[in-house]
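Quick notes on the structure that follows.
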Amino acid sequence: MSNNSSLAVGIDLGTTFSAVAYLDDLGRPVTLQNGEGDKVTPSVLLFEGNDVIVGKEAVKAFATDYAAIAECAKRELGYRMFGKQLGGRQYPPEALEAWILNKLRMDAQAQIGQFDKVVVTVPAYFDEVRRKATQDAGYMAGFHVMDIINEPTAAAVAFGFAQGFLKDDGTAPDEQTILVYDLGGGTFDVTVMRLQGSNFVALATDGEVGLVGRAWDQRLVDFVAEEFIRKFGIDPRDDANAHGRLWREAEDAKRTLSARNKCTLACDFQGHAVRSEITREMFEDMTRDLLDRTAFTTRQTLQAAGLEWSNVDHVLMVGGSTRMPMVAQMLRELSGKEPNRSVSADEAVAHGAALHAGILLSKGAGKESQFRIKNVNSHSLGVVAVDVATKRKRNAIVIPRNTPLPITARRIFKTEKANQRSILVQIVEGESSSPDDCVQLGKCSVRDLPKELPAQTPIEVRFKYEENGRLTVTVLVQGTDKALHHELTRENSLTQDQLDSWRQYISGVPAPAPAG
């Protein structure tokens, strides 16, 4: 069966849960159920011999085969290998993400037919390295990744659609400013967006990589484990399966405390047991510092957008962890507004991605876009330079954070000596003046410079940040009319041959034939 060129889906590739949506015949986003009949799929893998099981069945093995379980692989994107061995082998985290995406693809195709085009979402705070790894995961899963889109932006698009901003008659409600507070299991982002008719404009974005919904679960795990140690002198976290059972109990307890004022969290290990009664008030006290950190980031983002709370029309909550009553209460006190829950915390991001995928299909068919997205970069882009006074390396920022995208910036370097045939440009992302405290994007090697260049010859390096946060680099030698050969070498990225091999292995889909 051939792929349907007029069909594309949007995927919310989440740290703890993932979802797929497409546009129905009326252009409305619809969430597709997975093979188990659920709207969301746990982003969990179980390695069982030569088989890789993804989703609900993998979660069931937490208590018995935790050593063979891979979870939260999204948090390790950008590293060379996933931190845990699985079946005696290590895997690149993007390969684990590809297995999740492949299940979503197969389950979706069973319902809507063959397709390969997809828009995948990423946290707004993802750096360029993690964005590329996400695109690579999509490729390995047999997809043609049309684009990647920020999760809060996708949620804003879904909200805008629901509010009537994308009406066919061209009319739209008055301009609105929304703050998207996105707290998922594995990511936390805040984005301020302005909806102006069919324009969705990001004004500022921020987040914290380590501050995630699972951090709340961790507090419950540690609370019970410490009580176990006090009573019996042993730590259930030292045993993989006991730790896995405790994680599941903690996740269930967090959900229970969102609906009830108290719950009992049980832990059994080596013939001993504790039953800890935890009230919602206790849970809120033990996690108050986490909530305060999200409040700080929210205030910072609003300030970066140059706005006051009086300028914000809606505070939109996205991500499963926003179901905790403490989150809505904090946002209510912070903003003076009732948080908006009009879009599904679990489905909004996938819906926005599906709407974006539909627009890209229309553009590819020569039709006019129904809406336009204008994003900002979440991290400053810089190059490693040497401070003339101190001789120390420093981060020379080329594109500051929260710059509207796409943007092209240039920087002039000079050859150090006569007849220099190459230069090396190290590219970093981050706000610190020290390159060591930034994310190393890669190195751009410019070789085969023209012969007999005098010392101090200017070399122009152009950086182009795309709307999706991906980077391209062009190098020009002043006085010549051509761009020189260059390559952006990333330490932890897979080669094209490796990507093709993983694609065949995971999805069974061969690499596409070369263009031309």
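Just so you know, these numbers come straight off a predicted model, no measurement behind them. The basis for the numbers below is simple: all heavy atoms, side chains too, and nothing from hydrogens, waters or symmetry mates.
A side-chain donor-acceptor contact under 3.5 Å links K74 to the backbone of L13. Between the side chain of R248 and the backbone N or O of F62 there is no donor-acceptor pair closer than 3.5 Å. The closest donor-acceptor contact from the side chain of T297 to the backbone of T294 lies at 3.5 Å or more, if one exists at all. Between the D268 side chain and the A273 main chain, no donor and acceptor come within less than 3.5 Å of each other. Remark: side-chain polar atoms of Q498 are paired, donor with acceptor, to backbone N or O of T495 under 3.5 angstrom. With Q111 contributing its side chain and Q33 its backbone, the two residues share a donor-acceptor pair below 3.5 Å. In this structure a side-chain-to-backbone donor-acceptor pair under 3.5 Å is missing from N150 to T153. Side chain of D24 to backbone of G27: a donor-acceptor contact under 3.5 angstrom is found. A donor-acceptor pair is defined here as one N or O able to donate and one able to accept, closer than 3.5 Å; such a pair exists between the side chain of E429 and the backbone of E128. With hydrogens and angles disregarded, a donor-acceptor distance shorter than 3.5 Å links the side chain of R105 to the backbone of A141.
Within a 6.0 Å sphere centred on CD of Q504, other residues, nucleotides and ligands contribute more than 12 heavy atoms. Counting heavy atoms of neighbouring residues, nucleotides and ligands inside a 6.0 Å radius, atom CE of M106 does not exceed 12 of them. Counting non-hydrogen atoms of neighbouring residues, nucleotides and ligands closer than 6.0 angstrom, the CD atom of E48 reaches no more than 12 such neighbours.
Residues N102 and R503 bring no donor and acceptor atom of their side chains to less than 3.5 Å of each other. Checked by atom type, the side-chain pair D147/N468 shows a donor-acceptor distance below 3.5 Å. For the residue pair D500 and Q496, a side-chain donor N or O sits within less than 3.5 Å of a side-chain acceptor on the partner. Checking T31 against E347 by side-chain atom types alone, a donor-acceptor pair falls below 3.5 Å. Judged by distance alone, the side chains of N340 and S342 do bring a donor and an acceptor atom under 3.5 Å apart. Side-chain atoms of S43 and S18 form a donor-acceptor pair, as typed in the model, at a separation below 3.5 Å. Donor-acceptor pairing under 3.5 Å is lacking for the side chains of Q90 and R80.
The aromatic ring centroids of Y181 and F188 lie less than 6.0 Å from each other. Ring-centre distance between F159 and H314: below the 6.0 Å cut-off.
Shown here for A253 and C263, the closest heavy-atom pair between the two residues is CB-SG, 3.7 Å. When all heavy atoms of A305 and A204 are compared, the pair lying nearest together is N-CB, 3.7 Å.
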Passes side-chain contact (heavy atoms from CB on, under 4.5 Å), M317 versus L183? Steps please. CA-CA 8 Å; M317 296 199 308; L183 182 61; over 6 Å; no
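One finds the OG1 atom of T301 at 8.0 Å from the CG atom of N402 (value rounded to the nearest 0.5 Å). We find the OH-CG distance between Y66 and N241 to be 10.0 Å, quoted to the nearest 0.5 Å. Here the NE2-CG distance, from H356 to L23, works out to 12.0 Å after rounding to the nearest 0.5 Å. From L499, atom CG reaches atom CD of E94 across 7.5 Å, with rounding to the nearest 0.5 Å. Atoms OG1 and CG, from T177 and L302 in turn, are 9.5 Å apart once rounded to the nearest 0.5 Å. Note that CG of N377 is 5.5 Å distant from OH of Y465, once rounded to the nearest 0.5 Å.
Within the cation-pi definition used here (under 6.0 Å to the ring centroid, within 45° of the axis), K84 does not qualify as a partner of Y91.
Sorted by first and then second residue, the pairs that involve residues 205-219 and meet salt bridge (Lys or Arg N to Asp or Glu O under 4.0 Å), not counting sequence neighbours, are E71-R214, D206-R401, E208-R293, R214-E251, D217-K254, R219-D289.
Between Y125 and H379, the angle of the ring planes lies from 30° to 60°, which puts this pair in the tilted group.
Side-chain contact check for L334 versus W309: some heavy-atom pair is nearer than 4.5 Å.
Salt-bridge annotation for D107 and K103: present, with a side-chain N of the basic residue lying under 4.0 Å from a carboxylate O of the acidic one. Looking at R275 and E227, no side-chain N of the basic residue comes within less than 4.0 Å of a carboxylate O on the acidic one, giving no salt bridge. Between K56 and D38 there is a salt bridge, since a side-chain N of the basic residue sits under 4.0 Å from a carboxylate O of the acidic one. A salt bridge does not link D313 with K337: none of the charged nitrogens is closer than 4.0 Å to a carboxylate oxygen.
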